[in-house]
Structures are given as C-alpha cells and as structure tokens.
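Below is one structure, written out as structure tokens; the observations come after it.
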Amino acid sequence: MEADRADPEAPAVDLRRDGAAALDWAASYLERVGELSVLAQVEPGWLLDRLPDSPPEAGESFSSLLEDLDRLILPAVTHWQHPRFMAYFANTGSDPAILAELLTITLNQVGILWRTSPALAELEECTLAWLGQLLGLPPEWHGRIEDTASIATLTALAAARAAMPERRVVVCTEHTHSSVDKAARMLELELRRVPVDAAYRMRPDLLDATDACAIVATVGTTSTTSSDPVAEIARRKDAAWLHVDAAYAGAAWVCPELRGEDIRGADSLIVNAHKWLLTGMGCSCLWTARVEDFRRAFSLVPEYLRTSDEVLSLSEVSIPLGRPFRALRLWAVLRCYGRSGLQALIREHVRLAALFEEWVLAEPGWEVCAPRPLSVVCFRFEGSDEENEALFERVNATGEIFISHTRLDGRYVLRLAIGNARTTEADVRHAWEVLQRCAR
Ligand SMILES: *Cc1c(COP(=O)(O)O)cnc(C)c1O
C-alpha cells in the first residue's frame, strides 16, 4: 500500500520542480502586490468557510496547494508587502530574507546548546555584534535574537525582577507599549506611570525609581514615535534596571544623524529587526550589559543537557530551550544591503514622511498632531473625532492605502507610517490623494 510507506519525503513533492514554482509564485506576487487591495476585503470566517473540515487522507501535490494560495489565501491576506501599507509600523520581508528563510528551514537547526548548532550560536553572536556596530551600541553588550519585542521585554523585566526581588514596581509612561503592561501583569509587578511633557516624552524630573526594579524608557513610542530622555533617566534610575524599548526607532540609528538619545546607560535594549530592518516577522534583537543577571534568572540545565563545552548557551539566558536559526535572515540582510543600503532606505523613508508632513501642514483643514522625528506622521482633518474615525474607515475601505489611528490628548488622530522598502514618492502622493478625496 502506497499510503503505508514510511517515506521521509512527502511523496507528491519534488523539491526542485515545486520549489522553482514556489519561487516563481513569490516573485510574481511581489511584482504585482502593489495592485492588490492592501487591506483584506473579507468578512470574518470567510476563509474558514472555504477550508475543508478535515485534512486529506492521501497526500496531495504541492501544486494543488499553490493553486489554493491564489484562490483561498490571497483574498484573506492583508498585504504587509504592499508599498501603500502605511499602518502601525510598516515593514518589509526583503528578497535576501525570503531566500534565507528557505535555507533556514532547509538546514533546520535547533539551537538548544552550542553543540546542537555551533553555526546558529556563533552566527547569532556575530550578526548581533555587527548590528550593534551599525547602530552605535557599546561593543561589550551581549546580543541575541528573540521572536518579538513582547517576549524580549518580558525576559528583560524577569531578569530585572530577579536582580532586585525586594522591589516590585515597573516605571514607564502612558505612551509605553502595551507589551510592558502585559509583562508586568505576568510577572506580578505593579506598573507606575510618570507624566509626559507636551511632546509625549517622560518627565525625568517627576521620576521616582527608589522602589522600582525596572524603568522602561521608549525611543520611538508607538503612537507618535516620541523618545524618552534616556540619558537623564539613566542618571536618575536609583539602581533600577533601565530597559530601553527601541523596537521601531532603533533601526534608524544606522544613520548617525538619527541617533537622538544616548542609550549607553541602559541595562537592556530591544530593536525589532522585523520592523525597519527588512528581515520579515520574528526577529527582535535584545542586547544587554548584564548578561550574567539574565543567566541567574533563566539558567536551568537538566542532566540530559549537561556538556563539557565551555560556552554560554543562549537557552541559559532566555525563556525557550530550542531556538530557530533566525540569524541567517539578519545575516542575509546585513550582507546584501550593507551599511549604505540600510542608510539609504531609512533616509528615504524619513524624507518621504517629511514630505507628507509638509503637504498636510500646507493644506487648510488639515493638522499635524505631534512632532515627527522619523517616518511616522500623526495628523487629522478638521471636525469631530467621529468624522475623523469615519474618514479613517472610508480611506481603508478603498483598499488603495492602509493607515492606522491613535488617540492623543483624548483626540482621535490618524497615523501614517512609512517603512516598506517598495514605498516610493508616488505611493505617498497617492496616499495623500486618497485621504483628500475621502475627506471631501
Ligand atoms: C512594535 C513594538 C512593540 C511590540 O513588538 P512585537 O515584536 O510585536 O512584540 C513593542 N514596543 C514598541 C515601541 C513597538 O514599536
């Protein structure tokens, strides 16, 4: 019986033939992604209603899956690769990252201990040191990759709590990312918010960290991309652990002129390479000046994992035991773009955002609602919150652009974020035209 055969390869897949077809599918998708509706135009349940209730009994061909990708999956995709994806923090899965992802699963490394993949352990060390150099970080900091900023922050706050168990408070602001609230809840720490100034930056003069195990300072807050004054906070931290969340804005430090804050006083720092550094989702970089504190908080080596290798295993300083070979994607991006390629991308995005900001400022009836240090513009149209919300819904329903919103000082505000490598000046102009058309 065919179906009973123990075959290591799926019987219906030919890696070269189907692989070529999959790569061809990927290339043609990326060529035409800008013509698709950015936001998926389906109702909840649309895809579930169309998928079979049970998996197939006998293996199917890979080509039938590729057909379903067009027929079933694409209509339910919100296109993050679209040049007019301008919501949240736009990002890109770049060509080098796409190819590296294929090679990653081909090698299928599981980083548990150094010996289970010396390549993974050492490439992760090297790429994080490279990226640290590009961003101007202290060379002695230890870097590693987590899947998301949320997990990286949870890990850092757990290390901070373990380092000062008698202190149970985390200090931040109302503009701190919700992942910090979530981490504090899980770690049973109390969250205390310091007031912000008119530009949404933490007021260090009002900071009291005497009972805090950690302070979270943000460089590039989620709503407005404001930055807390990290150096001043570091001077007033009262032995608390200073965690800097630069998940979005840290990428901009590739350009020396965009390094606004001196972050050398931080105990830990996160930068999402998956946001503005082209790796695709699931590559959040965490550096620390206190790797031994992470080790004390997380090291647990059972008998079956003891070895005589005298190297630090990343599983001793983080939550997961096994880690994927994420560094390969980052390595591919850093090599194929180089410092100058990354700088050119970031500078272009900042230029485009500045241009959009100028258009909004120059147009009667429109208002810019927060300073714009990088590639995100907060703005609104004259009228009530309800009218702006209705405008927001109309704009996104066009499928031509996708933006997000926030609330600042109680007011409903629109938010346009530039961060996709395919975005051109024509796309930003297109976005502005859609906004003006929908506002009329
Ligand atoms: C995006 C973002 C996060 C959360 O990132 P995930 O990787 O999705 O967990 C946290 N903080 C800031 C400042 C962010 O911009």
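These figures come from a predicted structure and were not determined experimentally. We count residues from 1, following the sequence as given. Counting starts at 1 for both ligands and their atoms, in listed order. The figures here come from the full heavy-atom set of this structure, side chains too, leaving out hydrogens, waters and symmetry mates.
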- Query: Who are the side-chain hydrogen bond (donor to acceptor under 3.5 Å, both in side chains) partners of Asn388, not counting sequence neighbours?
  - Reply: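 For Asn388, no residue satisfies side-chain hydrogen bond (donor to acceptor under 3.5 Å, both in side chains) once neighbours in sequence are set aside.
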- Task: Please check if the distance between the ring centroids of Phe85 and His79 is under 6.0 Å.
- Result: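 Ring centroids of Phe85 and His79 are no less than 6.0 Å from each other.
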- Item | Pairs involving residues 148-194, ordered by first then second residue, that meet ring pair (Phe, Tyr, Trp, His ring centres under 6.0 Å) (sequence neighbours left out) |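 Qualifying pairs: His175-Tyr200.
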- Item | Where at least one partner belongs to residues 33-42, residue pairs that pass side chain to side chain donor-acceptor pair (under 3.5 Å), sequence neighbours excluded |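 Non-adjacent pairs meeting side chain to side chain donor-acceptor pair (under 3.5 Å): Ser37-Gln41.
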- Task: Specify whether Tyr88 and Trp80 have parallel, tilted or perpendicular ring planes, treating 30° as the upper limit for parallel and 60° as the lower limit for perpendicular.
- Result: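 Because their plane-to-plane angle is under 30°, the rings of Tyr88 and Trp80 count as parallel.
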Which protein N or O atoms sit under 3.5 Å from any N or O of ligand 1? Give each pair with its distance.
residue, atom, partner, partner atom, Å
ligand 1, 5 (O), Asn272, ND2, 3.4
ligand 1, 7 (O), Ala149, N, 2.7
ligand 1, 7 (O), Asn272, ND2, 3.0
ligand 1, 7 (O), His274, NE2, 3.3
ligand 1, 9 (O), Ala149, N, 3.4
ligand 1, 9 (O), Ser150, N, 2.9
ligand 1, 9 (O), Ser150, OG, 2.5
ligand 1, 11 (N), Asp245, OD1, 3.3
ligand 1, 11 (N), Asp245, OD2, 2.6
ligand 1, 15 (O), Lys275, NZ, 2.7

- Item | Electrostatic pair Glu125:Arg144 at N-O distance under 4.0 angstrom |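 The answer is no: the pair does not qualify as a salt bridge.
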